[in-house]
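Let me begin by presenting the structure, written as structure tokens, before commenting on it.
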Amino acid sequence: MVKDENAGKQDAPERINFNAVAVKWQKKWAEAAIFKAKEDSKKKKYYVLEMYPYPSASYLHMGHVRNYTIGDAYARFKRMQGFNVLYPMGYDSFGLPAETAAKKEGIHPRKYADDAMKKIMEYQKALGNSYDWDRVLYSHDPDYIKWNQYFFIKLLEKGLAYRKKAPVNWCECCQSVLANEEAEGGKCWRCDKEVVKKDLSQWFYKITAYADRLLEDLKKIDWPEKIKVMQENWIGKSYGTEIDFEIDDEKWSIFTTRPDTIYGVTFMVISALHPRLLELTDAKHKPEVEAFIRKCQKVRTPEEIEALEKEGVFIGKYAINPINNEEVPVYAGNFVLADYGCGMVMAVPAHDQRDFEFAKKYKIPVRVVINSPMFDLNAEKMSRAYTSEGSLINSGEFNGSASYDAINEITQHLEKTGKGRKTIQYKIKDWMISRQRYWGTPIPIIHCPQCGVVVVPYKDLPVLLPDKVDFNAAENPLLSSKEFLEVKCPKCGGQAHRETDTMGGFVDSSWYFLRYCDNKNKDKPFDADKVNYWMPVDQYVGGAEHAVMHLIYARFFVKALQDLGFVKFDEPFSKLFNQGILYKDGAKMSKSKGNIVTQDQIAKLYGIDTARFFLMFLAAPDKTMEWDDKTIEGTYRFLVKVYRMITEKKIVDKNIKNQESKTHKAIKEVTENIESFDYNIALIKIMDLANYLNSKEEISRKAAETLLLLLSPFTPHIAEELWEKIGNKDFISIAKWPAYDEKKIDEKLEAGEELYEKIRKDIISLQELTGIIKPNKVVFILPDNWKYSFIKELKKEMEKTRNAGELIKALCAKDKTHAKLIANFVPKFVKNPDKIPMVVLSAAEEKKALDDCIAGLEKEFKTKFEIVAEKESKHEKAANAMPGKPAIIFE
RNA sequence: GCGGGCGUGCCGGAGUGGCCAAACGGGACAGACUCAAGAUCUGUUGGCUUAGUGCCUACGCAGGUUCGAAACCUGUCGCCCGCACCA
């Protein structure tokens with residue numbers, strides 16, 4: 001039989017149009033402006049922020065919906081908890097895609113960006129997120145550009161911005177600089193020719209000046225460990241020794257973490273890309289070296305680098321080892337980084353794997369200077385470098401020292417002779433902000449033939465992009481605009497030209513979160529009081545892919561602004577949450593993979609709240625999760641159930657004890673779960689509560705309202721609609737988050753309900769097993785065994801100790817036959833002596849609890865029930881009965 | 001190579017020392033309702049079973065700690081993610 005999967009969807013009259021509900025409330029929220037954030041509140045502030053998106057898409061897919069919902073649920077939760085919440089949205093609207101579109105489709109990047117923004121905003125609004133839409137900002141806004149340039153100048157004045165030559169991706173064929181994305185795989189995206197590294201003047205922000213603070217302050221912030229570790233590695237602090245070797249009577253320093261191996265140096269290697277390599281090279285060897293440099297200039301993919309064999313050429317020079325005045329040959333090599341350390345290394349083949357490979361290839365001697373404590377090393381027979389610790393040999397006066405100690409001893413020795421010193425190296429490099437592109441913030445600099453590099457005066461800001469440029473120009477389109485290029489020098493008034501580099505997008509995103517605090521300020525980038533009120537961001541939400549880019553730049557920027565006196569804090573984001581990636585068909589959901597499910601599709605079918613709920617329910621927000629078309633049906637069913645329950649069931653204005661207890665327990669758990677981003681667990685608890693209430697004839701108003709309040713961060717529209725339907729006039733979105741009272745959580749009541757449920761299930765399964773649907777009589781046999789006396793015994797023992805292990809041992813010694821039961825029950829008492837439900841009851845109390853159930857059970861099963869004490873029972877199985885659950889017999 | 005994480009039932013995914021054969025959802029199966037289907041409701045869904053508050057097997061694999069382990073430790077295999085010739 002073929003099932004029509006859509007049959008139900010099409011003609012099921014009970015299908016509720018959650019879409020109309022969403023539209024209705026989005027309109028009302030906007031009209032009442034309830035999500036507007038104000039500084040003058042008496043309430044404690046809370047700043048929730050999602051990383052502002054690049055406005056590219058013509059749709060949002062479920063991956064986006066998931067990300068935005070994580071933040072929105074949190075913002076709503078905090079708002080309801082009584083915080084003064086700032087939750088803004090903006091757009092990272094500068095960048096390459098807009099420019100590429102301009103090139104391909106002839107659309108101006110500004111139009112492209114404006115259109116995309118309009119679209120994405122529309123989609124975001126349809127999500128029902130509680131953004132303060134009055135605070136929208138975007139990076140190509142002339143106001144934003146102005147302050148972006150303003151900060152550039154401030155940093156320049158402080159010496160934190162500078163210009164120097166640096167290698168960039170260069171395509172000889174197109175005569176153009178390429179962004180990294182355009183040079184993927186070492187080939188030009190346009191002409192497919194090989195790309196080379198070329199030195200050009202570039203602008204930098206001096207992030208290295210903050211390396212230590214960036215590292216240290218990681219301790220202060222509550223971020224995922226993974227991100228912190230990535231930043232630590234990126235900053236890459238290492239302690240070592242700088243040692244001066246002499247080449248041609250000139251001092252050439254190198255950096256090493258292993259000065260203890262200095263007697264093992266048999267050659268030196270200078271990076272093939274070292275700026276002074278040719279200067280150092282012997283005339284005779286120049287052609288060879290030059291050819292080698294060209295070979296090394298090709299941009300390579302990480303895979304190629306991995307597979308790359310260590311290679312080099314002798315440059316005809318010798319270096320003098322400062323420790324023993326030995327002469328060793330100097331090579332240019334492809335495995336030494338030009339921009340780390342000094343761009344040159346001392347090579348110790350016996351104790352460094354790279355040096356070892358190089359030495360073997362070029363038949364350079366290997367000299368063992370660290371001997372292994374386990375075996376004697378033999379330079380001739382070694383198949384790989386020995387990089388562990390050991391004791392020094394062949395090392396003059398240091399022979400016999402442990403390598404660990406020798407690091408200091410040798411460094412101190414070199415310090416005395418002035419040939420070396422302790423030093424710290426960082427891997428992090430200064431942040432190159434220059435882009436040879438059109439669609440970015442122009443760098444506010446003028447080049448004057450008379451005065452040199454001149455800063456654009458503050459009063460002339462912003463320097464805006466010219467509209468008419470040739471986007472198909474091979475190089476930076478800005479160079480095609482005379483109107484932009486030609487200016488008068490602000491200093492001498494002579495003819496000068498503008499800097500054509502623009503800033504990379506990460507500059508924009510390094511302070512946008514500050515501008516949200518005061519996004520309309522015309523006189524200043526922001527008002528200090530406002531920023532100091534809202535900042536730092538209390539909860540930042542975004543992808544882990546920004547770990548060492550945006551997240552480190554923004555930290556640097558804030559520290560620099562602190563030093564410049566703009567802000568009073570030194571970390572922008574107190575807490576960070578990384579959302580997981582959404583997969584479909586085994587791959588990350590993305591347009592390029594073609595495996596997307598769009599917001600539209602799902603909203604049309606189920607309403608946006610269903611999508612929100614489902615995305616938060618299926619997996620913890622920080623885990624990768626797989627989209628599943630089928631499972632969302634279940635979520636929809638649940639929401640329909642809630643809708644029916646609230647609109648159709650009897651809501652009563654009285655207090656119902658059991659419901660009150662359940663409700664307070666749910667509040668407690670859900671609140672904790674949301675706080676810690678365990679949204680999936682929170683939703684399970686909410687479902688539990690809903691299902692429980694749904695099983696009752698009537699629902700207390702308090703319980704119904706609580707359910708809606710708990711639900712509202714996740715399904716705000718439906719919650720709002722139902723809130724209104726049960727007679728509330730205000731918005732649930734700004735209603736008070738329910739408080740719980742520990743005293744209202746009545747474990748005994750819960751236990752009573754549980755008992756009822758257990759018995760009910762037992763009766764049903766007995767019905768199935770025996771085939772007796774309607775027994776004449778159901779008999780409960782109350783236990784009257786060792787258990788009650790065991791409890792007394794236990795209480796006695798517990799006065800002596802609360803250690804579960806000891807208690808079990810003690811009790812088992814007295815009663816070996818019940819060892820297993822003892823082990824099972826003891827720990828529960830130890831953990832929670834007051835709250836163990838049925839077990840602590842006496843036989844009489846237990847009978848009473850049972851009595852309480854019977855009325856309901858008799859009604860439900862339409863049968864007589866009877867309670868019999870074990871002694872009076874003629875049934876054998878009664879012997880097994882335990883307190884907390886009587887044996888059940890049909891008669 | 002270095003760093004981070006993960007491995008649970010038919011599936012997604014909870015659970016990090018004791019009411020765990022394992023939440024919640026999906027799927028499957030059975031029953032109720034219905035002329036029927038859908039929707040809804042109820043139950044079952046590791047094996048054995050004398051049906052029990054029972055036994056056995058199970059949370060990648062192998063050991064260990066503990067009265068007790070899916071959870072803690074050690075080793076091992078497999079997968080994912082980041083960084084990567086950093087001297």
Side-chain angles (χ1 to χ4, degrees), chain A residues 1 3-4 7-9 11-15 224-230 232-234 236 238 240 254-258 269 302 305-306 308 310 333-337 339-342 344-348 352-355 357 425-427 544-545 547-548 581 614 617-620 623-626 628 630-635 637-638 640-641 644 678 680-681 683-685 687-688 691 754 761-762 764-770 783 785 787 804-809 811-812 819-828 830-831 836-837 839 876-877 879-888:
Chain A
M1 192 177 79
K3 274 190 191 169
D4 181 2
K9 289 171 194 166
D11 55 34
E14 61 271 47
R15 226 169 157 86
E225 209 41 45
K226 184 187 169 188
I227 305 288
K228 288 199 192 183
V229 169
M230 280 166 83
E232 261 170 42
N233 293 342
W234 187 258
S238 58
I254 59 94
F255 173 75
T256 181
T257 53
R258 293 293 303 272
V269 187
I305 289 169
E306 171 135 26
L308 202 64
K310 315 264 169 298
N334 65 349
F335 66 98
V336 176
L337 300 173
D339 45 12
Y340 179 78
C342 308
M344 189 188 311
V345 297
M346 65 179 211
V348 186
D352 182 283
Q353 185 58 26
R354 292 156 304 184
D355 299 347
E357 285 168 32
Q425 270 295 328
Y426 295 94
K427 271 191 243 180
E545 67 273 18
V548 290
I581 298 165
F614 173 68
F617 165 74
L618 199 64
K623 295 253 168 79
T624 54
M625 75 175 250
E626 177 87 16
D628 181 358
K630 267 194 217 149
T631 317
I632 192 171
E633 274 286 347
T635 308
R637 282 206 287 267
F638 171 76
V640 169
K641 193 198 282 177
R644 289 251 168 72
D678 294 314
N680 52 333
I681 311 297
L683 288 173
I684 285 163
K685 305 278 167 60
M687 286 171 96
D688 271 347
N691 286 333
E754 234 172 75
K761 280 201 173 179
D762 280 351
I764 289 168
S765 81
L766 256 189
Q767 283 174 329
E768 282 185 0
L769 276 166
T770 56
N785 53 17
K787 198 61 188 297
E806 283 176 31
L807 277 172
I808 291 167
K809 279 179 190 164
L811 290 162
C812 286
K820 195 165 178 184
L821 293 168
I822 291 168
N824 192 22
F825 279 95
V826 167
K828 292 165 210 163
V830 173
K831 267 194 179 164
I836 300 306
V839 203
E876 263 179 55
K877 65 170 69 160
N880 288 321
M882 291 279 285
K885 200 180 174 203
I888 300 165

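Residue numbers begin at 1 in each chain, while the letters A, B, ... track the order of the sequences. What's counted below: heavy atoms across the whole structure, side chains too, no hydrogens, waters or symmetry copies. Keep in mind that this is a model prediction, so the values were computed, not measured.
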Which listed nucleotide (G27(B), G3(B), A87(B)) is nearest to the side chain of Asn233(A)? G3(B)
Between C79(B) and U8(B) - C1' atom distance, rounded Å: 15 Å
Identify whether any heavy atom of Lys226(A) sits under 4.0 Å from a base atom; if not, whether one sits that close to sugar-phosphate; answer base, sugar-phosphate or nothing. sugar-phosphate
Does Lys310(A) contact C85(B) through a side-chain donor or acceptor facing the base, at a distance under 3.5 Å? yes
With syn defined as a glycosidic angle within 90° of 0 and anti as everything else, classify G52(B). syn
Taking CG from Asn334(A) and C1' from A87(B), how many angstroms apart are they, rounded to a whole number? 14 Å
Would you check, one step at a time, whether the test salt bridge (Lys or Arg N to Asp or Glu O under 4.0 Å) holds for Asp628(A) with Lys630(A)? CA-CA 6 Å; Asp628(A) 181 358; Lys630(A) 267 194 217 149; over 6 Å; no
Say you draw a straight line from CD of Glu633(A) to CZ of Phe614(A); how long is it, rounded to the nearest 0.5 Å? 10.5 Å
Are Glu357(A) and Phe335(A) packed together at the side-chain level, in the sense that at least one heavy-atom pair is separated by less than 4.5 angstrom? no
Report yes if a side-chain nitrogen or oxygen of Lys685(A) is closer than 4.0 Å to either non-bridging phosphate oxygen (OP1 or OP2) of A23(B); otherwise report no. no
Please tell me which of the listed nucleotides, A87(B), G26(B), G25(B), lies nearest to the side chain of Thr256(A)? A87(B)
Hey, does Leu337(A) reach any base, or is it just sugar-phosphate, or nothing, if we go heavy atoms under 4.0 Å? base
Please report, rounded to the nearest Å, how far the P atom of G4(B) is from the NZ atom of Lys623(A). 18 Å
Take atom P in G26(B) and the same atom in U42(B), then report the distance between them in whole Å. 12 Å
Quote, to the nearest angstrom, the P distance that separates C48(B) from G43(B). 23 Å
Quick one: does Asp678(A)'s side chain have a donor or acceptor within less than 3.5 Å of a partner on Ile681(A)'s backbone? no
State whether Arg637(A) places a side-chain N or O below 4.0 Å from either non-bridging phosphate oxygen (OP1 or OP2) of G26(B). yes
Hey, is the main chain of Phe617(A) close enough, under 3.5 Å, to the side chain of Asn680(A) for a donor-acceptor pair? no
Return the value, rounded to whole Å, for the distance between atom CE of Met344(A) and atom C1' of C86(B). 17 Å
Set of residues satisfying ring pair (Phe, Tyr, Trp, His ring centres under 6.0 Å) with respect to Phe255(A), sequence neighbours excluded: none
Please measure how far the C1' atom in G25(B) lies from the corresponding atom in C33(B), and state the result in whole Å. 25 Å
Quick one: label Asp678(A) by what it contacts on the DNA or RNA (base, sugar-phosphate, nothing), any heavy atom closer than 4.0 Å. nothing
Remember a base hit wins even if backbone is also touched, and classify Ala620(A) as base, sugar-phosphate or nothing at under 4.0 Å, heavy atoms. sugar-phosphate
So which nucleotide from C83(B), C86(B), G3(B) ends up closest to the side chain of Trp234(A)? C83(B)
Touch class at under 4.0 angstrom, heavy-atom based, for Gly634(A) against every strand present: sugar-phosphate
Nucleotide nearest Met230(A) (side chain, heavy atoms from C-beta), chosen from G25(B), C86(B), G82(B): G82(B)
Using the P atoms only, state how far C10(B) lies from A22(B), rounded to an integer number of Å. 14 Å
So, using side-chain contact (heavy atoms from CB on, under 4.5 Å) as the criterion, who are the partners of Glu626(A) when residues are at least two apart? Tyr583(A)
Dot-bracket for RNA chain B, 5' to 3', Watson-Crick and G-U pairs with both distances under 3.5 Å, [ ] for crossing pairs, | for partner on another strand, reads ((((((((.[[[..)..(.....]]]((((((.......))))))(((.....)))...[[[[[..)....]]]]])))))))....
Just call it for Val336(A): base, sugar-phosphate, or nothing, with non-hydrogen atoms closer than 4.0 Å on any strand. base
Assert: residue with more 5' nearest nucleotide on RNA chain B, out of Arg258(A) and Val229(A), is Val229(A)
Does the side chain of Lys641(A) come under 3.5 Å of the side chain of Asn691(A) through a donor N or O and an acceptor N or O? yes
First of Asp688(A) and Ile681(A) reached from the 5' end of RNA chain B, by closest nucleotide: Ile681(A)
